[in-house]
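Accompanying notes for the structure given below.
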Amino acid sequence: MTDTGRLHPATALLTHLQPTTDTTVESNGDIPPLATVLVVDDDPTIRLLIASGLQRKGYRVLLAADGQEGLEVFDQHAPDLVLVDVSMPRLDGFGTLRAIRSGQAGVNGRYVPLLMLTGHDDVGSINDAFDAGATDFMPKPINLPLLTERVRYALSGAARERALREAQLEQASACKLARLGFWHLDVHSGKLEWSEGAADMLGWPTLPGCVAELTTLIAPEHRQRLETALSVASQNREGLDLELTVGQGNLERTLRLQSADQNNEQYLVGAFQDVTALRAFEDKALYLAAHDELTGLPKRHCFLGLLAERLAQAPESRWLVAVLDISRLHRINEALGIRAGDQALVLFSRRLERFAPNHALLGRLDAGSFGVAVALPDATDPRQFCQQWMMPLARAQYIAGQEVYIDFSAGVSVYPDDAQDAETLLGAALQAQRLARSQTGQQRLLLRHEILGHTNGGTLSFEAHLQQALQRDEFFLVYQPQQHLADGHISAVEALLRWRHASRGVVSPAEFIPLLEESGQIVDVGDWVIGEACRQLAEWQRAGLHLRMSINLSAVQFNQPDFPQRIMEHVNAYRLLPKQLELEITESAAMGHPEQTLKMLLELKDLGFSIAIDDFGTGHSTFNYLLRFPIDTLKIDRSFTNSVTEERSSRTIVRSLTTLSQGLGFKTIAEGVETQRQRDYLEALDVDEIQGFWLAKPMTADRLGTFVASIGRRLCQPR
């Protein structure tokens, strides 16, 4: 070997033609070699050719004249890749490969790339090479450019495999330390599969192979939790997070089963963790006493304690406390069973955990009631803040194999505006929620300050006066005009109920209508509204004023079986045509019982009434029902109208609704128009009609005639 550490190719050939212990051909000594390659071939010319070509590419080359010598060199130098000829004395290529793969030449042999050099082109020889452990093969005579590329490719593949093995080893080590593994559930067969080593980790002789086997290992009082959680996760493709105490023989383990939202209906994939030791450091009895067993959320007293701590930690912040109550939970229990009701609770709690603001405090307060407490960002409107995360909570879910619409009512209080302590804050939110709950069939949100007229003893007095308001003739109607944008004429009016209280004056509908619905009095009051609206419409017609009368329907009123007959009595009494009335029902009320709604709407449509869906875009309608409902008008909610000039998303939604309506033959009316710019935008977006303060505030019947006349004169003036 020369002083530079290089061995001339010719010298390498000579050294292998003569007995020698030097088996190395070095690459350029100034540059680190790319990798070390061992060439095992009894033909010195082939060795020379391959060594020379690989050396020029920057590889360090080791040479051996037969398989036995190759194993000795491999054991001493641990090369990164081996090229092995098939036919050699003492030990042929197949034996050399098997010896390397079996570890006879060192532990590195299991993963090093092995390339077989063969002059045989038959399939049997190639298969024998792969059976012996070859990574690839190279036919003779040798094509040096192709050989060097094969070597480079094999080394790259080996590097990738090595990185993957290291990552898998790190993951396995981390999982072992954390006592973490993985499970796979076939939803249809119930078959369970576990990750390698799970049985050893848990110390169990065998692992349950199906859900039924797993269920038998759980205490009877907890089995329903597992069944409910798996049913929710599989039917609704939602995540799973459940802790169970599982016993096998004398060895009991606390397992936490988790999975993310699933995209596949066939199986669930998730992780499990043995948290036995972790839970041993907790007071288990205290945890179970403070947390709801079904949902895992803090119970009422625990929720209040945690809320008090947060208020004490950040007394300068504004806090929002909300109470959400699942609507008609008892009906789910009655129709589908208690287990179905439990599924509804679990589904709602999981969606609440998913959509509630980050760091929100959640709790289960009562049977179907949940609490949420969260710090309000500065200068944030509580109603808008709540609507952002509450809107996705109400939706149809699959429970016990049936599609069930899970809706809710909500009440909200704000610290320090409404109260300064946790107990009072929760009570204020609960009071608002109970008032909102009375608006049956509708997802409603009420804030505590919106019902201040209903506090303490004043509430009873207020309700007592309301009971007699109809007999005392204290209700009256006002009418808000609707304008047709194409020609500017007043096309219709919406009849709105008002109450003139003896001492308080005119009371907001937001205060008394929920009480009417809660008490059931809305049926009689709603009947009076229809009769009065028909009477006024007939009077306008006799005066030559021809308008469409729009009447809002309460969900309670709408669900009365004899409602179509009662409204026809008023229409016939004043000699009107049903088509002159447009009956409005809110989107959320319509979706409360969609099949029942469809039946009632079809009956009203057959009688000749026009049908409008109010507040459209804020509820949870599906296109399926939208196509089935016999609708004439979509009323676009004011939340989109208010932001139509500033937010592109609102304009996109409005445009989508008008396009949809045109395609389905519906008319669109935008509510809450307050500025000329909003009106112009809506006209450009192809909205048919508008109503709002920009056009006119609600007015009495005698003023309406004058207003319509003034609009007519304005339209007749030359521009």
Side-chain angles (χ1 to χ4, degrees), residues 224-225 228-229 231-233 235-236 238 291-300 303 321-356 360-373 386-387 389-413 426-427 429-446 514 517-518 555-556 559 586-597 618-621:
Q224 186 177 327
R225 290 181 58 215
T228 299
S231 176
V232 167
Q235 291 185 18
N236 297 277
E238 298 198 358
H291 290 76
D292 174 57
E293 183 177 353
L294 188 64
T295 64
L297 297 177
K299 295 180 181 178
R300 182 190 183 98
F303 178 85
V321 176
V323 174
L324 299 91
D325 184 77
I326 297 179
S327 303
R328 301 173 301 280
L329 180 62
H330 66 283
R331 296 190 61 180
I332 298 177
N333 290 329
E334 293 170 358
L336 302 177
I338 298 298
R339 183 170 297 185
D342 288 345
Q343 288 190 29
L345 288 167
V346 171
L347 278 168
F348 191 83
S349 67
R350 292 293 171 262
R351 295 192 67 77
L352 192 59
E353 290 174 334
R354 180 177 178 181
F355 292 105
L361 171 63
L362 307 180
R364 184 183 176 194
L365 308 177
D366 206 342
S369 295
F370 295 83
V372 180
C386 288
Q387 287 174 336
W389 58 268
M390 284 186 183
M391 186 176 295
L393 297 177
R395 58 169 289 185
Q397 302 275 20
Y398 280 96
I399 298 175
Q402 297 191 32
E403 188 178 27
V404 178
Y405 190 81
I406 300 179
D407 205 345
F408 68 94
S409 56
V412 171
S413 62
L426 185 61
L430 185 58
Q431 184 182 19
Q433 180 273 318
R434 285 172 176 165
L435 189 58
R437 182 178 59 191
S438 65
Q439 303 181 24
T440 308
Q442 303 183 37
Q443 178 191 329
R444 290 295 177 90
L445 165 67
L446 283 179
E517 292 183 318
E518 184 176 14
V556 178
N559 291 328
T586 62
E587 178 186 7
S588 53
M591 292 305 299
H593 300 281
E595 294 298 336
Q596 182 178 334
T597 297
T618 63
H620 312 279
S621 294

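Since we're looking at a predicted model, the values are computed, not measured.
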Let me confirm one number: the [atom1]-[atom2] distance from [X] to [Y], rounded to the nearest 0.5 Å.
X      : Y      : atom1 : atom2 : answer
Leu393 : Leu347 : CG    : CG    : 12.0 Å
Ser327 : Tyr405 : OG    : OH    : 9.5 Å
Arg351 : Gln397 : CZ    : CD    : 5.5 Å
Asp342 : Asn333 : CG    : CG    : 7.5 Å
Glu353 : Arg350 : CD    : CZ    : 4.5 Å

Discussion item. Before you tell me yes or no, could you show the steps for Asp292 and Leu345 under side chain to side chain contact (heavy atoms under 4.5 Å, CB included), namely the whole-Å CA-CA distance, both residues' side-chain angles and the distance that decides it to 0.1 Å?
Written reply: CA-CA 11 Å; Asp292 174 57; Leu345 288 167; over 6 Å; no
Closest non-hydrogen atom pair, [X] against [Y]:
X      : Y      : value
Asp407 : Ala394 : OD1-CB, 3.6 Å
Ala344 : Ile326 : O-CD1, 4.2 Å
Leu297 : Ser349 : CD1-CB, 4.1 Å
Val321 : Ala429 : O-CB, 3.5 Å
Ala432 : Leu446 : CB-O, 3.6 Å
Arg225 : Glu293 : NE-O, 2.9 Å

Worksheet item: Does Gln224 offer a backbone N or O that forms a donor-acceptor pair with the side chain of Arg339 under 3.5 Å?
Response: no
Practice prompt. Would you check if Val412 and Met390 make a side-chain contact, meaning some heavy-atom pair closer than 4.5 Å?
Written response: yes
Fill in: Sub-4.5 Å side-chain heavy-atom contact between Thr295 and Leu362
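A side-chain contact is absent here, since even the closest heavy-atom pair is not under 4.5 Å.
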Fill in: Chi angles and distances behind the side chain to side chain contact (heavy atoms under 4.5 Å, CB included) call for Trp389, Leu352
CA-CA 9 Å; Trp389 58 268; Leu352 192 59; 4.0 Å; yes
Item to complete: For Phe348, check ring pair (Phe, Tyr, Trp, His ring centres under 6.0 Å) against everything at least two apart and list the hits.
Response: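 Partners of Phe348 under the ring pair (Phe, Tyr, Trp, His ring centres under 6.0 Å) test: Phe370, Phe408.
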Worksheet item: Going through the distances and angles, do Leu426 and Leu365 end up as a side chain to side chain contact (heavy atoms under 4.5 Å, CB included)?
Response: CA-CA 10 Å; Leu426 185 61; Leu365 308 177; 3.8 Å; yes
Item to complete: With side chain to side chain contact (heavy atoms under 4.5 Å, CB included) as the test, would you mind laying out the steps for Arg364 and Leu294 before giving the verdict?
Response: CA-CA 10 Å; Arg364 184 183 176 194; Leu294 188 64; 4.0 Å; yes
Worksheet item: How would you list, by chain and number, every residue that makes a salt bridge (charged side-chain N to carboxylate O under 4.0 Å, His left out) with Arg300, sequence neighbours excluded?
Response: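 Arg300 satisfies salt bridge (charged side-chain N to carboxylate O under 4.0 Å, His left out) with no other residue.
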Worksheet entry | Side chains of Ser409 and Gln433, donor plus acceptor under 3.5 Å |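 Present: a donor and an acceptor within the cut-off.
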